[in-house]
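Here is the naming used below: chain letters follow the sequence lines, and residue numbers restart at 1 for every chain. None of the values given here were measured: they were computed from a predicted structure.
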Amino acid sequence: MSTSVSPDARTVWRAVRTPALIVLLVCAAGIVLALARSAGGPPLDPRSADPAGGRALARLLDRQGVTVEPTYTSAGLRPAGATLLVTDPDLVDPATLSRLAGQAAHVVLVEPGDEALTAVAPAVSRENGLAVTTREPGCALAAATAAGPVTIGGTGYQARRTCYDGAIAQSGRVTVVGGPQAFGNDALGEQGNAALALRLLGERQRLVWYVPSAGDPGLAGGQESLYDLLPGAWVFGAVQAGVAVVLLALWRARRLGPVVTEPLPVVVRAAETVEGRARLYRRAGATGHAADALRRASLGRLRGRLGLGADAGPQTVLAAIAARTGRDVGPLLYGPPPEGDAALVRLADALDALENEVRQ
Amino acid sequence: MALTARAGLLALAGALVVALLAPSWAGVAAATGVVLAALAADLALAGSVRALTFSRSGATSVRLGEEAEVSLRVANPGRRRVRGRLRDAWPPSAGAVDDRHTLAVPPGQARTVVTRLRPARRGDRHAHRVTVRAVGPLGIAARQGSHTVPWTVRALPPFHSRRHLPGKLDRLRQLDGRSAAHVRGQGTEFDSLREYVVGDDVRSIDWRATARARDVMVRTWRPERDRRVLLVLDTSRTAAGRIGDGTRLDTALDAALLLAALAGRAGDRVDLLAYDRRVRASVQGTGSAELLPSLVGAMAPLEPELVELDARGLAGEVLRRAGRRSLVVLLTGLDPAPLEAGLLPVLPSLTARHRLLVGAVADPAVAGLARGRGDADAVYGAAAAERTLAERAHVTALLTRHGAEVVDAGPGALPPALADAYLDLKARGAL
């Protein structure tokens, strides 16, 4: 009777189901995680249709006859005579920002930090955070009074001229907006948001829409480490995963009892000394010794073959061989030692041939 | 204590929880705390390993190459169930086929696990330790502990050459007068008188008995019985040399066992002596029934020692032990140096009182090397081999000149050749 040892479907399923379940769980968790914190691209990206993107605003401006130039790098940026919108001024190197702002006719900065303010609009200072809610203009800025109440918030600013409780501040050619939320795709339809945006950005024929992005030479040197840039969930998840790895390592490291040792017998091949002697002969080039050993062995066999005693002298042996084969083998059996390895090999072959001849 | 994979997987699940629900140090501390608390609880609830009691039974000896079973009984006197893994650890050469067992012993009960051993080398194999890992009810942590439960399994020499025994026993029966052929010579002893049948040697007719009886009577003879055979094993460094699969000593043991079996059947008394610089094993004055078991038992733990043979001490020990005239069978490597320096001076006194038979294990590799031709390496090898063979021949000649007999054969051929030499001596009545 025979038994199949190949796994059948049930065995395969049993072996595969646990790993498959784990992989499935990990994938599902990853998808849930990705959906839960889908952040999209940078806010106010003119090409992005995300809730926080700026595509709706760009379309609106375009329809109003404003030339929108979306730019993702500061290299080759020529905002002369145009409105310059910087969506994330903190990312840009203050010197670059100052140079660009100097060229532009009107500069709009979205939620700038202290460094950017110092470089571009020293008269504006940053205040507390503001909740995003509907606010009244409360100032004489033309764009604001025309737009009426808007939904705006983010960061409050203090300057000579501020609107919407500090969410909009103006100083010379520079307008500071407290946050990107008011101009996002989702919020543009609320209150007077669209009107405010159009008036702020559509002042000139040309709008340079600068979204600082990775690979931009004008970006500020990053002081943050990789650790700072990672979301907290990843960091702490990794710490806990490290704990898990330590526990798994402890699981694998613990043996079921110690390794058992025992003294092992010495393994020496009996023929090793003979091989060692052969190598010594070879290294020393001892053709004399080697030939002597081979000749003695051959002589011993020949004496037996010829019926001579062990004490038979060279003359007797040579005479017996001559009588049997008709050859004089004196130089072969009793001659001088061979010169060199090749001669030794020839000697060994000649001794073999002689023994064969005598045997016949 | 020990962990299981579940502990790590639990912590890994905690990583998901921390990442999704509580990405903070407090979350990490909480998740790790839960895992550690579960570990502690599982450890506290696992069955006690320290309280387990063990006892062994089963095989105490096994012929090399065969399998032995050793049972281990695990009793659990505690109040909690012991569930988990058990490892019955043996040294590697004991060849434990599967020494890890799944264990589940309810409180107050006992279970038996069986470990099968297939020893890889001759000699005593001692059980090392029994380690138990008792997993807790959650299956994430385990208590682990070891107990020493002594047991020894002796791996006996394999006695491969016993297949030659029937043939040699046939020859022995022919010598013994039990079959038709009769042999008469020196060293045989008178067995009985019987009637003459055609074909008997007329020289064996006993005329005096013929005169008393009506018929022609002949004497029958049989080889002498109750001779003494002393097997001497050389366990010095030359015995450690490896020829083929085994050492010289392995072949010597095999040959000694065959000879002992034969001699025991022939009615001779067999003693054993293993010697290098001191006595390693000795069997003396054993009856024929227990002869082979006691020889095998004495041989099992023998290992070659890496020392030079003290041939003079060996001869002295042999002379001291063998009071009556004996056949001394020396199994050695025929190494020229120790034999010439140590044995030759005392050889005459040995051969004067005893008959010496030397069994030497030759290496077929050397004979193969001696036939090497074709290039310089092979011819130098041949020269070295011829030199070695010449030295062996020289020692053989020296021993023969002093009255010893030498059997020089390869590992497979030595046991039957030595048995033949013994039978020849027996037939010649030369014991």
- Message: Please identify, among Val245(A), Val239(A), Val246(A), the residue contributing the most non-hydrogen atom pairs under 4.5 Å to chain B.
- Response: Val239(A)
- Query: Mind checking whether Val260(A) and Trp90(B) have side chains closer than 4.5 Å, heavy atoms only?
  - Reply: no
- Task: Answer with side chain, backbone, both or neither: which region of Glu305(B) has an atom nearer than 4.5 Å to a non-hydrogen atom of chain A?
- Result: neither
- Would you say Arg359(A) has more than 12 foreign heavy atoms packed within less than 6.0 Å of its CZ? yes
- Message: Only pairs of heavy atoms separated by less than 4.5 Å count here; which of Ala290(A), Gly242(A), Gly276(A), Ala249(A) has the most with chain B?
- Response: Ala290(A)
- Message: Among Pro304(B), Ala5(B), Ala393(B), which residue has the highest count of heavy-atom pairs closer than 4.5 Å to chain A?
- Response: Ala5(B)
- Query: Leu10(B), Leu9(B), Val18(B), Thr238(B): which one forms the most heavy-atom pairs within less than 4.5 Å of chain A?
  - Reply: Val18(B)
- Task: Identify which part of Arg255(A) has an atom lying under 4.5 Å from any heavy atom of chain B, answering side chain, backbone, both or neither.
- Result: backbone
- Note on the structure: Bottom line for Val35(B): the part with an atom under 4.5 Å from chain A's heavy atoms is side chain
- Task: Heavy-atom distances under 4.5 Å only: say whether Ala286(A) touches chain B with side chain, backbone, both or neither.
- Result: backbone
- Query: Side chain, backbone, both or neither: which part of Leu389(B) has a heavy atom under 4.5 Å from chain A?
  - Reply: neither
Between side-chain atoms of residues 341-351 of chain A and protein atoms elsewhere (two or more places apart, or another chain), which donor-acceptor pairs fall under 3.5 Å?
unit_1	atom_1	unit_2	atom_2	d
Asp341(A)	OD1	Tyr380(B)	OH	2.7

- Message: For chain B, which candidate among Arg301(A), Arg252(A), Glu275(A), Arg296(A) shows the most heavy-atom pairs at distances under 4.5 Å?
- Response: Arg301(A)
- Which distance, rounded to the nearest 0.5 Å, do you find between the CG of Leu103(B) and the CG of Leu86(B)? 5.5 Å
- Query: Do Leu333(A) and Leu354(A) have side chains that get closer than 4.5 Å, going by heavy atoms?
  - Reply: yes
- Message: Counting C-beta onward and ignoring hydrogens, is there a side-chain heavy-atom pair between Arg122(B) and Leu249(B) closer than 4.5 Å?
- Response: yes
- Message: So Thr396(B) and Leu334(B), do their side chains get closer than 4.5 Å, heavy atoms only?
- Response: yes
- Parallel, tilted or perpendicular: ring planes of Trp25(B) versus Phe236(A), cut at 30 and 60 degrees: perpendicular
- Item | Which atoms of Arg248(B) approach chain A - backbone, side chain, both or neither, heavy atom under 4.5 Å | side chain
- Query: What heavy-atom pair brings Pro91(B) and His126(B) nearest, and what distance separates the two atoms?
  - Reply: CD-O, 3.2 Å
- Item | Arg129(B) versus chain A, the contacting section by heavy-atom distance below 4.5 Å | side chain
- Task: Tell me, for Thr273(A) versus chain B, whether the close heavy atoms (under 4.5 Å) come from the side chain, the backbone, both or neither.
- Result: neither
- Item | For chain B, the option from Leu280(A), Asp352(A), Asp292(A) that forms the most heavy-atom pairs under 4.5 Å | Asp352(A)
- Task: Pick whichever of Ala270(A), Ala244(A), Ala238(A) has the most heavy-atom pairs under 4.5 Å with chain B.
- Result: Ala270(A)
- Item | Test: Arg242(B) and Glu272(A) ion pair at under 4.0 Å | no
- Message: Please classify the contact of Ala390(B) with chain A as side chain, backbone, both or neither, using a heavy-atom distance under 4.5 Å.
- Response: neither
- Query: Side chain, backbone, both or neither: which part of Thr247(B) has a non-hydrogen atom closer than 4.5 Å to chain A?
  - Reply: neither
- Query: Which distance, rounded to the nearest 0.5 Å, do you find between the CG of Leu414(B) and the CG of Asp408(B)?
  - Reply: 8.5 Å
- Max heavy-atom pair count under 4.5 Å with chain A, selected residue of Glu303(B), Met1(B), Gln144(B): Gln144(B)
- Query: If you count heavy-atom pairs under 4.5 Å with chain A, which of Asp375(B), Asp377(B), Ile243(B) comes out on top?
  - Reply: Asp377(B)
- Grab the two heavy atoms, one from Gly309(A) and one from Arg303(A), that are nearest each other, plus how far apart they are. O-CD, 3.0 Å
